[in-house]
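Quick caveat, the model's predicted, so the values are computed rather than measured. Just the heavy atoms: all of them, side chains too, but no hydrogens, waters or symmetry mates, feed the values below. Residue numbering restarts at 1 for every chain, and letters A, B, ... go by the order of the sequence lines.
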Amino acid sequence: MSGAFRIPGAGRLKQAKAARFSFDGQAYAGVEGDTLASALLANGVHLVGRSFKYHRPRGFLSAGAEEPNALVQVTRDAARKTPNVRATVQELYDGLAAQSQNRWPSLAFDVGAVNDIASPFFSAGFYYKTFMWPKAAWKNLYEPKIRAAAGLGVSPDQPDPDHYAARFAHCDVLVLGGGAAGIAAALAAAESGASVMLADEQAEFGGSLRFETGARIDGQDGFAWAQGAIAKLKAMSNVRVLSRTTAFGYYAQNFVGLVERVSDHLQNPGRDLARERLWQVRAKRVVLATGAIERHMVFADNDRPGIMLASAARTYLNHYGVAVGKNVGVYTANDSAYAAAIDLKKAGVNIAAIVDLRDNPTGPVIDEARALGIEINFGRAVVRAGGKLRVTSMTVQPKNGGGERTIPVDAILMSAGWTPSVHLFSQSRGKVAFNDETKRFVPGTYAQDCVSVGACNGTDGLSATIDEAYAAGAKAARDAGAKAAKGTKPKVDAGESWSRGMLGAAPGAGPDTTVKAFVDFQNDVTAKDIRQAVHEGMHSIEHVKRFTTNGMATDQGKTSNMHGLAIAAETLGKPIPQVGLTTFRAPYTPVTFGSIVGHARGPLFDPTRKTAIHPWAEAQGAVFEDVGQWKRAWYFPKGGEDMHAAVDRECVGVRKTAGLFDASTLGKIEVVGPDAAKFMELLYTNPWEKLEPGRCRYGIMLREDGFIYDDGVVGRLAPDRFHVTTTTGGAPRVMNHMEDYLQTEFPHLNVWLSSITEQWAVIAVQGPKSRDIIAPLVEGIDMSDEALPHMSVREGKICGVPTRLFRMSFTGERGFEVNVPADYGQAVWEVLWAEGQKHGAVAYGTETMHVLRAEKGYIIVGQDTDGTVTPNDAGLDWAVGKKKADFVGIRGLARPDLVAKGRKQLVGLKTKDPKVVLEEGAQIVADPKQAIPMKMIGHVTSSYWSENCGRSIALALVAGGRDRMGETLYVPMPNGVIEVEVTGMVFFDEKGERLNG
Amino acid sequence: MLLIRCPYCEEERPELEFRNAGEAHIARSTNMAGESDDDFEKFFFIRSNPKGVIYERWRHMHGCARFFNAVRDTVTDKFIMTYKAGEPKPSKLPKNSNEVVAK
Ligand SMILES: [Zn+2]
């Protein structure tokens, strides 16, 4: 048996397929097709959670996505713990394990419930007022405690093992919502031949037809008609039907985000199935058929477990075959709760009484309820609900005061009317309009190519809904370019219609009372809180929302918005439209990070780039560092060396014999064309026209403001061909910068730019023995100093493969950079390495490269410069062509601030104690004894231990630095002040003799 | 995500393929070195940042890689039109087709 409250013969589920599940460790039985909510209710369980702030016991309010209370944790395994799952949405599967949230030590006895007794201290704005003082306590004391006490569920502490799929889709007509309206619209559009997508958040289509027993369409029960129509749509090749799919966000240009829950309802999803699928749909036309959400009545203690929306009780009965109680009270301000009472009564459930706020309503449902012998009380209010962990009674009073009567009940069904779901319409930037007669906000001014139909458009009655939706679906298809509809409009034989209702607090919860009449269950906001917010000066509804948290967070005001607004309006003494509606924000319901991220995790989010020589370095035991997306060999430890020892050995080895370094990550751009030299003249500060083919030059690129943007050695291969190198990290933006100028400022230049970073592997061979290592392997290039001087480039062959051989040096030693096609990179490296071994060469990594270049005072753009450094600041004025009429940055360089005295300039620093290595980024002062805050005159940009110099070395940007040569400056550190001497930037081989050594 | 029409590809493509490149129709002087401080300030630092219609540059980064110009409404994010780099600033804008549908 699947629960004592399951009524034989009621509902649509097949009793044969049982599903066992547990809640807080207790085992229960449900049936396939249940939600966790219907299965718990079938077992008589209403208490499922504790409220956010007051820790009050809570049960199910709804049977759908609007559920604010029944948020539970669903645990599949250690890594799959999903918090804040709506029990009303979670489909049951055999073995499902769920836990209640926000309670300790147990759901029935919760210590945090003391917040309810102490609630005068927890009223609106309480956190803002109380915990802001003393300031430090917020961070250290209050916030952690409050967060621990007020959590909504617990996040898993392991990486998500599931995978998430993503699809982009285009269609003519996207229909959102699969109730009667959505299905009718989809049918009309599909029959016109348009490509149609229809999505609904439920497992089964039908919307309110799930509970409306009075609906008959095309001679069938409404729900059965819906299933037939869906089967027909699914069979059409131009239609895609998505169930369990929530449209959560409506963005510009009819771009809609949907999440399809692919496997959360399955017992064993398997590894192949995604958990969720994100659909990003671009639709020519959107039809919004999002329905309406029933409102609760705002009365004292309206949050007791067992008190729920009338339509929810009807859904549990008519769809799931579950009675929500045995002795049920009804509290309403409109007709729709009567239908629930009638259905339950017919199923054998006792209806204790209907309490109707209206004075003398008439109509067929009222007549039918009366005919069934149900007690009806007009003009009366429920002023209180009794009970603690479950409602036990409702206390009834004439709405204008008078004698009270307490009626025992085990459930109360309530309905204050229906609120059109304009969330997606509002997200589309449409403007809602207030209908004064029906007291509803409905779609007013459209901002996008969409149309609202049915209940979300304020259209009442099944017949009118289908008429409107079918016509809108056909028109949407036509507007999207499809032919005229060929189908037949569904015929409504019988339907239900909802009447109006009320907004705001019911009698007994008015301004003169202090009762807890909840407006927003999820955020624990009462009618009193909203009034208090207005009294404290929150006159805008947006301020009221933030002060009280009404309608915030995952709930987005689905049940609470209109009540909150009405109470604020009443307190302000203004009509509702003047107070205005708060903004509905995406997502409509919470969306997992997984579905947004999709497969873009780890290396698929941030790809790892490896050079052609990477496998060799890996085999040699290199330690790698991340440089942008590149993995670069950092150092090559030998026999248990630490980094310090390895780098010292590599640094000495390069200067003593030679070293091999993988420089493949250097950005490389080929600038080709008859105007290549003219283009180079404009993009770099240096002169290029007269650079002979076969020669190289160190180039500086500026931005228009005069600051250094990038640098690198450029080789002229031919009059019309330059091989440009850039910094490793700068390659893409330099390419973009060049393209920008070429396409938009200098389009008259006949030049072509190609990124060749990935095409060439680069092996730097540096050191006194470098030529000896390379020469035996080279064909067709004269390696003598006369034929191949420093800063020159030749094309030829090495190891039988083509090479662009650069004679250049970033170490200050005689050096070469061997460019070979990347496919040959590792093979050529291995031959050079074998040759190098004959001379005792070392392999060195980026750390040694950094130390060696710093010993020579060669800067690294982005480390020694920071976007505010000019060539002059960096001591590179020699690289700026003085006779040039134009280059990017020429005017910027002349700006008053850039030529002013006292600018920060790059200099060398030597610590007075040679053993002390400065910290990069450390600040520099002239007088260490001055009062704090000290005047900082610069900072350390590069700092290393130099084994070759036998001391520490550093580069720094210092105000007026070049005028301070020999001066003593100070670097204050936590452990004391370090004395430094300002020096030139070259620490090793000042005369530069080793370039030809 | 916006759909942007590349005037070179003559196709509407998703925003993911494009990169914004700042305000359009700010021409670099042919006598850059001779610009006054005021003119350089206007050229390099001052941008209109309008609420409403903006003329801006985009690049079809992951497509044809061309820079082009677009007219966009900064309030609605709607692209009113796009045109090739080097073409003059349009004197007349096309009527915005799907602005407001009365209800
Ligand atoms: Zn393009």
Side-chain angles (χ1 to χ4, degrees), chain A residues 168 170 249 251-257 280-282 284-285 425 429-433 442-452 457-458 479 682 703-706 732 735-737 739-748 753 755 884-897, chain B residues 1-5 8 12-16 19-45 57-62 64-69 72-79 84-87 96-103:
Chain A
F168 287 92
H170 294 259
Y251 305 96
Q253 293 176 307
N254 269 5
F255 186 69
V256 181
Q280 297 178 75
V281 182
R282 180 86 58 183
K284 287 184 186 154
R285 294 291 182 278
F425 169 78
R429 297 194 182 185
K431 292 268 183 295
V432 293
V442 291
T445 310
Y446 282 78
Q448 298 205 39
D449 287 330
C450 65
V451 60
S452 300
N457 195 36
D479 292 347
L682 285 164
R703 295 184 312 205
E704 209 70 82
D705 57 9
M735 184 74 183
N736 189 68
H737 177 85
E739 279 286 352
D740 193 348
Y741 277 94
L742 180 60
Q743 289 184 33
T744 67
E745 296 295 351
F746 314 129
H748 56 281
L753 304 171
S755 165
K884 290 174 71 170
D886 195 8
F887 57 83
V888 173
I890 191 169
R891 181 58 186 82
L893 281 179
R895 291 190 292 146
D897 278 1
Chain B
M1 189 163 60
L2 303 168
L3 273 186
I4 302 172
R5 181 181 169 79
Y8 295 97
E12 286 200 319
R13 306 292 303 170
E15 190 184 342
L16 289 173
R19 185 181 295 175
N20 184 282
E23 193 165 348
H25 299 294
I26 300 170
R28 190 176 185 276
S29 167
T30 49
N31 179 24
M32 201 60 197
E35 291 286 283
S36 70
D37 280 348
D38 283 352
D39 287 344
F40 182 75
E41 183 198 30
K42 279 197 198 93
F43 162 74
F44 190 74
F45 294 104
R57 299 169 349 112
W58 284 78
R59 186 177 184 202
H60 194 185
M61 195 72 196
H62 304 289
C64 63
R66 300 296 296 267
F67 284 84
F68 60 90
N69 293 328
R72 182 174 61 94
D73 188 322
T74 61
V75 178
T76 62
D77 248 0
K78 272 181 187 139
F79 277 77
K84 292 178 180 173
E87 287 180 6
N96 208 344
S97 58
N98 52 359
E99 182 67 276
V100 167
V101 181
K103 179 71 189 171

Side chain, backbone, both or neither: which part of A:Asp705 has an atom under 4.5 Å from a heavy atom of chain B?
both
State, to 0.1 Å, how close B:Met1 and A:Phe168 come at their nearest heavy-atom pair, and which atoms those are.
CE-CE2, 3.8 Å
Tell me, side chain or backbone of B:Phe68 under 4.5 Å from chain A's heavy atoms, or both, or neither?
neither
What part of A:Phe887 gets closer than 4.5 Å to chain B, counting heavy atoms only: side chain, backbone, both or neither?
backbone
Distance-minimising heavy-atom pair for B:Ala33 and A:Ala885
CB-O, 3.8 Å
Do you know the tightest heavy-atom contact between B:Val75 and A:Arg429?
O-NH1, 2.6 Å
Checking A:Glu739 against chain B: side chain, backbone, both or neither under 4.5 Å from a heavy atom?
both
Would you compute the distance between atom CD of B:Glu41 and atom CZ of A:Arg895 and round it to the nearest 0.5 angstrom?
10.5 Å
Distance-only, no hydrogens or angles: does the B:Arg28 side chain make a donor-acceptor pair with backbone N or O of A:Tyr741 under 3.5 Å?
no
Partners passing salt bridge (charged side-chain N to carboxylate O under 4.0 Å, His left out) against B:Arg72 (at least two apart in sequence or in another chain)
B:Glu56, B:Asp77
With only heavy atoms counted, which part of B:Ala65 is less than 4.5 Å from chain A, the side chain, the backbone, both or neither?
backbone
Option that, when pairs with chain B are counted at under 4.5 Å, heavy atom only, ranks first among A:Gln253, A:Gln280, A:Lys431, A:Lys884
A:Gln253
B:Arg66 portion near chain A, given a 4.5 angstrom heavy-atom threshold:
both
Part of A:Glu745 within contact of chain B (heavy atom distance under 4.5 Å):
side chain
Can you check whether B:Phe40's main-chain N or O pairs, donor with acceptor, with A:Arg891's side chain at less than 3.5 Å?
no
Let's test your reading of the structure: which of A:Ile890, A:Thr744, A:Asn736, A:Val888 forms the most heavy-atom pairs below 4.5 Å with chain B?
A:Asn736
Between A:Asp740 and chain B, which part of the residue has a heavy atom less than 4.5 Å away: side chain, backbone, both or neither?
both
